[in-house]
Each structure stands twice: as structure tokens, then as C-alpha cells.
Enquirer: 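Shown below is the structure under consideration.
Just follow the structure's listing: the first ligand is 1, and inside any ligand the first atom is 1.
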Amino acid sequence: MVKTFISSPPWLLIVFLITCTLLMISFAESDPDHRKSYIVYMGDQPKGKVFSPSLHMNMVQKVIGSDTAQEHLLHSFKRSFNGFVVKLTQEEVHKMARMDGVVSVFPNEKKQLHTTRSWDFLGFPTQVKRSLTVESDTIIGVLDTGIWPESDSFNDTGFGPPPKKWKGTCDQANFTCNNKIIGAKYYRTSGLFLKNDIASARDSNGHGTHTASTAAGGLVGHVSLMGLGSGTARGGVPSARIAVYKICWIDGCDEADILAAFDDAIADGVDIISLSVGGSAARHYFNDSIAIGSFHAMRNGILTSASAGNDGPDPATVSNFSPWFISVAASTTDRMFLTNVKLGNNQIYEGISINTFDLKDEMFPIVYGGDAPNVTGGFNATQSRFCTGNSLDKNLVNGKIVLCDSFVSPRATAPLLPAGAEGVVMQDSGHNDVAYSYPLPASVLHVENGRNIHLYINSPSNNSATATIQKTHEANDTLAPYVASFSSRGPNPITLDILKPDVAAPGVDILAAWSPISSVSQAVGDTRSVNYNIISGTSMACPHVTAVSAYIKSFHPTWSPAAIKSALMTTATAMSALSNPDAEFAYGAGHIDPLKAVNPGLVYDADEVDYVKFLCGQGYDTRLLQMVTGDSSTCSNANYDTVWDLNYPSFALSTSPLTLFSRVFKRSVTNVGSPTSTYRVKVDVPSGLQIQVIPQVLSFTAVGQKLSYSVVVQGSINDSIVSASLAWDDGTFQVRSPIVVYVVL
Ligand SMILES: *[C@@H]1O[C@H](CO)[C@@H](O)[C@H](O)[C@H]1NC(C)=O
Ligand SMILES: *[C@@H]1O[C@H](CO)[C@@H](O)[C@H](O)[C@H]1NC(C)=O
Ligand SMILES: *[C@@H]1O[C@H](CO)[C@@H](O)[C@H](O)[C@H]1NC(C)=O
Ligand SMILES: *[C@@H]1O[C@H](CO)[C@@H](O)[C@H](O)[C@H]1NC(C)=O
Ligand SMILES: *[C@@H]1O[C@H](CO)[C@@H](O)[C@H](O)[C@H]1NC(C)=O
Ligand SMILES: *[C@@H]1O[C@H](CO)[C@@H](O)[C@H](O)[C@H]1NC(C)=O
Ligand SMILES: *[C@@H]1O[C@H](CO)[C@@H](O)[C@H](O)[C@H]1NC(C)=O
Ligand SMILES: *[C@@H]1O[C@H](CO)[C@@H](O)[C@H](O)[C@H]1NC(C)=O
């Protein structure tokens, strides 16, 4: 399954909920004859031939017979690569996988959906220098839940007609494009629309509107979420155009729809693809819709920016990790949202949440969930102390504020509304870096403070404990930026020695446009309709990188996806392992710096040939690669790269505890700075490692010139992760790469 990585705090929760729903649904989708939906991936379009739709039908007929082929062939990819979606039995899957031209057959599962302040916090003010004409010809393809086209953020006043290169279309179903949103399509290969799904590119969720406006929304003054986060909302490239590809529905995002959208977006002529969606089970490159789609995008010069996932802080949870796209972790900004809980004894405890409800300091009785179990419903204190589901007795919580023993997701608090609760106070030690919105007054406290409230409720002198929850106020988080706990961590689960995520960008408490037919918390019973909402997730971090990629491209229209990605990585601000214990596995190369990224000095470039060599080194064979690339690439010795030689802007080495290692990495850098320049290397290395760079000086005499160097990393380590770095410095540009050595457990 694929999920959107709503960077908003609700998203983290939603992701879990959606995952469960999706699992059930994917089974429900199988036919009575045990057919399930599969993606048959066939690589590149046959070169020099016009695509014939009968090809796919013939293949399906051969495998399942001609009677039912028509109804089981669900979709053909035909514009940017070759393949189709078909319903097959397990047995037919094996037959299909053996047919000529088939690269892979994998189940069509679902993935899930993984302001204003953030751009200023990144040092990217409104008045930044822009290449306006080019920016206005830049098209950002957003694969998400659709968009709310009437949002002020997508007002097209001042925009000319779509750029000439645009070949896409606008699906008019309940939707009108303009000169800002120049294309809109929706994908539902399964044909199954659930209640509240709108068969239109229109966004009923809010996520897609939020990500699109963060990337390319125009400037809209005086916006806020009911007074919170007040300011000017804007995207990173306000002059760019948006092409909407709706792939996510109430039940998640089908891989078939993701691939169908890539097929179109590439052919339509988008410049950058933004994808805040992912799945949790790591799969090999040609068994994953996002890896495949973004590979073909890369071949066509299009960089895909993808969210890393919201499954942190556990290790190896990063879910989008192909080397040809950029994977984005979520960091905090200096704006945090705090919500006070005031007790009858005048004690005030500060929690974290987004509470727009105003209880006007009115005191309500406060009850501990563990003291209010719904006994007739079969619950006891073991459940009710966590306030889950129907575990609480309505009669005991009605008109009261409830204290719960854990963090509860916004959606899971929905039963408190019909139960008549006035508010909910939670306690947690894991979610205290993200402010979530709830359908009722709510605050999440640190466990110690929660314990004090519990003591107050239990104090023998007080049989009438009371409390109130105040409106949220903003504060300056001077420790920012650090990576959010929910942000998925490396190491890379498939290719151990490619560092992922690549960079960190703001993804916590981001204000951006929203769909008014959704609600603030998206929990059942929440009736607050807003045009701007504050949410968190790597989903919100991703469009920041999308926008900066478009910004870089507006100055360097010919740069490859790898060059743009390199610029983002080597100019990123190093983050501290002290405030981020997982170090590079949390933040990759560091926190993006949009202005520096436009002028990186040197880039680590890579093209399709480099990735093919890398795949050969990963054990993919010639037959497979020829199908994928549609040319005569072979995995001969000359065309084979170890993972350490892929021209990647970071270095990773996995090893065993206390084992001596010595590993050589080869790299080449392309001069994109001053024609004549001399770069010297600076290595930052902790004890226990030796790092040698050969040569130590690179002298360039022209722009575009490439020079190679090697890095030898030696030593033995016992720590889970040891961080080092190297930087090429010519006095003007510093081109920094992290070097990570880690113990595989
Ligand atoms: C790809 O998926 C298919 C079907 O689930 C499986 O048989 C195959 O082993 C997978 N390939 C890789 C490389 O994981
Ligand atoms: C777009 O913005 C312009 C200028 O601010 C305004 O006049 C116009 O009414 C807006 N259009 C829509 C559809 O809101
Ligand atoms: C069009 O979208 C609106 C939401 O704005 C929805 O209520 C309505 O049902 C949709 N109409 C159709 C025909 O789908
Ligand atoms: C009991 O509650 C009252 C009023 O709500 C408060 O003044 C008093 O301090 C409380 N006592 C304790 C022990 O918390
Ligand atoms: C509460 O219910 C659970 C499951 O229904 C049961 O395992 C547990 O023993 C019960 N606890 C008490 C204190 O009754
Ligand atoms: C107890 O839970 C059941 C569902 O499990 C619900 O129907 C009932 O209304 C609840 N009772 C109270 C008193 O909250
Ligand atoms: C937070 O404090 C820092 C340092 O004092 C300041 O630069 C920054 O502008 C403040 N942020 C906000 C949102 O006020
Ligand atoms: C290596 O790490 C393990 C696990 O943390 C520890 O038990 C062991 O003592 C360490 N060995 C050395 C030599 O530091």
C-alpha cells in the first residue's frame, strides 16, 4: 500500500489508520475467482515502434484466455513507459512473469499519504532574486489527493497561457483549470469510489492542496488557522505552474494509479515531480511503482522529490530510497504551538497541540480515563486509561475533561465528541515535537506533568478536581531546526551503502492551503471548515524541496536531476548529531539552504548510464536492464559499478562491529562555479576512522569540466553510526558531503 506522508501531525496518525483500512480493502478487491490486481512492468516503450494497445491485450489473452481478458485488463501504460494493470490469479502471475518483455510483476498494493513561516525560516524571503520568466515556464507535477482549485493560493491573476511545452489536459469533472493550475487528472484504475470520494481532481482531503500550495502557491496575505500561524502564505516558486495528478483516495493510493500518473506526467512535460506518498514495506527497485515511475522521470530529465516517510524514529524505516530521486526528512521550524492546561488549584501545565477552541477559562470537572471505563460495553480500566474507542463510559465523561495515559491520535479521539467530553488531556514522551489538531479542546503533556494532574485528581482532599484547556499560543523554538520524531530514519533498507534520507526540510506545523470540504483535524464530528490548515509530516517537507528544485532549475534549465539534487545536498546546512541522535539517518546531508543551492560550485552529476551501472552492480541482469532502458545496455565488466562508485553526493559504508575495513569510493565533480578555480579538500573525521582523499586539490580551468577523486575510508567502529564529512572549498564555495560508517545489527 502507498500512503501520503501528510507532514502534518494528523498525518502520522492517519497513515496508521489508512494502512489498516487499506490492508482490508486490498483483500476485498480480489475477485471471487481469487484474482487480484497486479502491475506488469515492461520497461521502456519499444524503440521506434508505435505503441499498439493490442500488445497488452494479446499478452493477457495468452495468460488467462480470450473470454475474460477484456474485463481483467484494467489499464495500459503507454506514454512514457510500457506495462499494464491486470487482474490475475497467483498461478497466472507466474505465467505472466515468464512472458517476453516482462521485467516484473508485482501486486497493485496501496501506499499512504505521508507555512508561511517555513520559507522565511529557511532564509528564503519573499523578495529573493528570481528568474521570473523561466520560473513561470516551470511546471510542477503534484501526485497527491488532488487540489482545491478555487483556493486563493491558486489565483491565476497575472499569469499568461500555459507554457508551450505543456502537453497535458484538464479533466473538467467538477473542476476548472486556470493559468496557474494548468492540468488536472484523476486516476482510479480499480474503478472503486468510496463514500466521500469525489470522481474529480478536486481534493476532498486537503493534503494535495496543502502540498501543492507549499510548493507553488501564490502569495496570500492575512491567512491563519483561526488566528494561529498568521501571516502571508506562499509557495517556494509562486510563479510556477501546477499540474495535478490525483492518485490518492479515501482508502490510500494504488500503485497502479501512481504509475499511470507518472506515465502521463512525464509525457505531459512537467519539470519536477512532487510525491508525498509512500509505503512501508521496502521492495526492490523494479517491484515498486515509485521507484519505476521516478526512474523513467529521471531518464526524461525530471527530478522526483519524495517524502521519506512518517515511520520514525525506528531505524531503517525510510520508505522512498531510490538513488535517482531525492528523499526528504521533516524538520521543525522556530514556530511552535503550545496549549496550556490549567487546574482548579491554579497550576498551569504547558502541552503541545493546536487548539482553536475557546473554553474562555471556564473550569470543568476533570476525570481520569482509568476511572471511567464503559463497563457495560465490556471495558475495564486497562483500556479506558488510554481513552481508546468506546472504552469510556459516556455518563462518566459527559461535560468533563478526560485525562488519558497516552497519546491518542486525533481520529481516535472522535468518540469523545458524542460522549459529551469537553476536552482531552493526553500524556506522552514520544510526540512532543509536533502539534496535532483534535476535534475537541486537547493538549498533549509530558508524562511527568500528566502524572501531576493524575495526583491532583486523586488527592484525597479534592473530590471536585477541575481543569480547563486554553487556546493555543505560539512560541519560539530556539532549538530548531531538528528532525521530527515521526520522520522516517535510515539506514537504507535495500541498498545499505546509499545514505537515505538525502536532506531535511521543514515538515512540522506547516500552514498552507486546505480543502474547505475537509475539516481541521479530519476526525469524525469535526465541523471546522478552513481554507488554510496547519499540518505536519514528511509530506509537508517534500514540497519545500520540490520548490527549491524548481527554483534551481529556473536558473539552470539544463541541469540533470542528479545535478539539482547534488546542489541541494552539498549546500545543505550540517545539522547536529547532539540534537538528532540518529545523525545522518535522520537528516541526510542536512537542512536545505535554497539560496546556496542555486550556486553550489561543484555538482556530482549522474545520468541514466550511471544508474544502470549501479543496478548491474546490484545484481540486476542485462536482460532486465535492456527492457527497462529499451536500449542495448549490458552488465559487462565495463558497465558495472559497485555501490561505492555511484557518483552520489554522500558516502555510506555498512560494516560489522570491531572489524577492520578499508573501502575506496570513487567520485567525480563537475565545475558549475568559476571557470578557473582551485578546490582543496577539508576532511572532518572522528577518532577511530582514517579518511584519505586523493588528490587533495582539484584545479579547474573551465565551467563544465569534470575531475575525479577517490576517498579511502579505513578503521573499525563499534558505534551504530559514526559521522564524518568532506568538503571541497575554493574560498567561495564549500561543497560538503557527509560520510557515514555504521554497524549493521
Ligand atoms: C517482485 O515481486 C514478485 C511478486 O511478488 C516476487 O515474486 C519477486 O521475487 C519480487 N522481486 C524482487 C527482486 O523482490
Ligand atoms: C484573484 O486575485 C485578484 C487580484 O487580487 C482578484 O481581483 C480576483 O478576484 C481573484 N480571483 C479569484 C477567483 O478569487
Ligand atoms: C463536486 O464537488 C462538490 C464538492 O465541492 C461535491 O459536493 C459534489 O458532489 C461534486 N459533484 C459531483 C457531480 O461529483
Ligand atoms: C483542591 O482543589 C481546590 C480547588 O479546586 C484547590 O484550591 C486545592 O489546592 C486543591 N487541593 C489539592 C491538594 O490539590
Ligand atoms: C481488563 O480486560 C482485559 C481484556 O478484556 C483483561 O485481560 C484484564 O484482565 C482486565 N483487567 C481487569 C483489572 O479486570
Ligand atoms: C459502551 O460501549 C458500547 C459499544 O461498545 C456503546 O454502544 C455504549 O453506548 C457505551 N456505553 C456507555 C455508557 O458509554
Ligand atoms: C526566534 O528567535 C530567533 C533568535 O532570537 C529569531 O531570530 C527568530 O526570528 C525568532 N522567531 C520567531 C518566529 O519569532
Ligand atoms: C561494543 O559494543 C557493544 C554493544 O554496545 C558492547 O557490549 C561492547 O563492550 C563494545 N566493545 C568495545 C570494545 O567497545
Side-chain angles (χ1 to χ4, degrees), residues 115-126 145-151 154 170-177 184 186 188 193-206 208-209 224 228-232 244 246 249-250 331-338 367 369-384 386-400 402 412-421 435 472-482 506 508-511 513-519 524-525 529-531 534 573 591:
T115 82
T116 352
R117 177 66 194 151
S118 56
W119 287 116
D120 287 312
F121 181 65
L122 279 174
F124 194 59
T126 315
T145 62
I147 201 167
W148 192 260
E150 292 83 11
S151 168
F154 309 122
C170 183
D171 206 324
Q172 307 278 332
N174 213 347
F175 199 98
T176 310
C177 287
Y186 63 95
R188 194 56 166 160
F193 294 95
L194 303 179
K195 184 171 168 278
N196 294 336
D197 272 339
I198 306 174
S200 156
R202 184 172 290 282
D203 179 13
S204 55
N205 177 303
T209 303
S224 68
L228 295 175
S230 161
T232 298
V244 178
K246 178 166 168 181
W249 303 85
I250 304 259
S331 57
T332 56
T333 74
D334 57 358
R335 187 174 63 193
M336 65 198 302
F337 294 94
L338 300 173
V367 61
D371 295 336
N374 172 356
V375 179
T376 53
F379 298 96
N380 62 32
T382 321
Q383 296 110 14
S384 68
F386 299 119
C387 305
T388 48
N390 287 313
S391 67
L392 294 166
D393 185 331
K394 286 177 197 138
N395 304 319
L396 298 176
V397 302
N398 185 34
K400 298 180 185 161
V402 187
T413 58
L416 288 166
L417 281 183
T472 294
H473 62 279
E474 291 167 33
N476 190 337
D477 186 354
T478 49
L479 300 177
Y482 49 91
V508 176
D509 304 341
I510 305 297
L511 177 79
W514 197 244
S515 167
I517 58 169
S518 184
S519 71
V524 174
S529 158
V530 292
N531 294 321
I534 298 170
T573 308
H591 208 236

Enquirer: Closest non-hydrogen protein atom to atom 4 (C) of ligand 6, residue and atom name please, with distance?
Expert: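 Atom 4 (C) of ligand 6 sits closest to the protein heavy atom Asn390 ND2, 3.8 Å.
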Enquirer: Answer with yes or no whether Phe193 contacts ligand 3, where contact means a heavy atom under 4.0 Å from a ligand atom.
Expert: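 Phe193 does not count as a contact of ligand 3 under the 4.0 Å cut-off.
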Enquirer: At their closest point, which heavy atom of Lys195 faces which heavy atom of Ile250, and how far apart are they?
Expert: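 Where Lys195 meets Ile250 most closely, the heavy atoms are O-CD1, 3.7 Å.
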Enquirer: For Pro418, which residues count as a side chain to side chain contact (heavy atoms under 4.5 Å, CB included) partner, sequence neighbours excluded?
Expert: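 Partners of Pro418 under the side chain to side chain contact (heavy atoms under 4.5 Å, CB included) test: none.
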Enquirer: So do the side chains of Pro516 and Trp148 get within less than 4.5 Å of each other, counting heavy atoms only?
Expert: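 In contact.
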Enquirer: Rounded at 0.5 Å granularity, tell me how far OG1 in Thr145 sits from CG in Asp203.
Expert: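 Atom-to-atom, Thr145:OG1 and Asp203:CG are 3.5 Å apart.
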Enquirer: Quick check on contacts: which atoms of ligand 7 are under 4.0 angstrom from a heavy atom of Asp334?
Expert: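 So the answer, numbered in order with elements, is 1 (C), 8 (C), 10 (C), 11 (N), 12 (C), 13 (C).
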Enquirer: What closest approach, in Å, do Tyr186 and Asp171 show between heavy atoms, and which atom pair accounts for it?
Expert: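 Nearest heavy atoms, Tyr186 then Asp171: CE2-OD2, 3.6 Å.
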Enquirer: Do Lys394 and Asn374 make a side-chain contact, defined as non-hydrogen atoms from C-beta onward lying under 4.5 Å apart?
Expert: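 A side-chain contact under 4.5 Å is absent here.
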Enquirer: What atoms in ligand 6 come closer than 4.0 Å to a heavy atom of Lys394?
Expert: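 Near Lys394, the atoms of ligand 6 are 8 (C), 9 (O), 12 (C), 13 (C), 14 (O).
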Enquirer: Checking contacts now, so for atom 9 (O) of ligand 3, which I'm interested in, is there any protein heavy atom under 4.0 Å?
Expert: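 Given the 4.0 Å cut-off, atom 9 (O) of ligand 3 does not count as touching protein heavy atoms.
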Enquirer: Would a search of protein heavy atoms around atom 2 (O) of ligand 6 find one under 4.0 Å away?
Expert: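 Yes; the ligand atom in question has protein heavy-atom contact below 4.0 Å.
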Enquirer: Restricting to non-hydrogen atoms, name the atom on Ser230 and the atom on Glu474 that form the minimum distance, rounded to 0.1 Å.
Expert: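 Minimum heavy-atom contact is N-OE2, 4.2 Å.
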Enquirer: Out of Asn196, Ile517, Asn174, whose heavy atom sits nearest atom 14 (O) of ligand 3?
Expert: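 Result: the heavy atom closest to atom 14 (O) of ligand 3 is in Asn174.
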Enquirer: For ligand 6, which atoms sit closer than 4.0 Å to a heavy atom of Asn374?
Expert: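 With Asn374 as reference, the close atoms of ligand 6 come out as 1 (C), 2 (O), 3 (C), 8 (C), 10 (C), 11 (N), 12 (C), 14 (O).
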Enquirer: Check if Leu392 has a non-hydrogen atom at a distance under 4.0 Å from any atom of ligand 6.
Expert: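 Checking ligand 6 against Leu392, which is what was asked, there is a heavy-atom contact under 4.0 Å.
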Enquirer: Any side-chain heavy atom of Leu392 within less than 4.5 Å of one from Cys387?
Expert: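 The answer is yes; the side chains approach within 4.5 Å.
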Enquirer: What residue and atom, counting heavy atoms only, is the protein's closest point to atom 13 (C) of ligand 6, and at what distance?
Expert: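 Of the protein heavy atoms, Asp393 OD1, 3.1 Å lies nearest.
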Enquirer: Around atom 5 (O) of ligand 3, find the nearest protein heavy atom and jot down its residue, atom name and distance.
Expert: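 Nearest protein contact, heavy atoms only, for atom 5 (O) of ligand 3 is Trp148 CH2, 3.4 Å.
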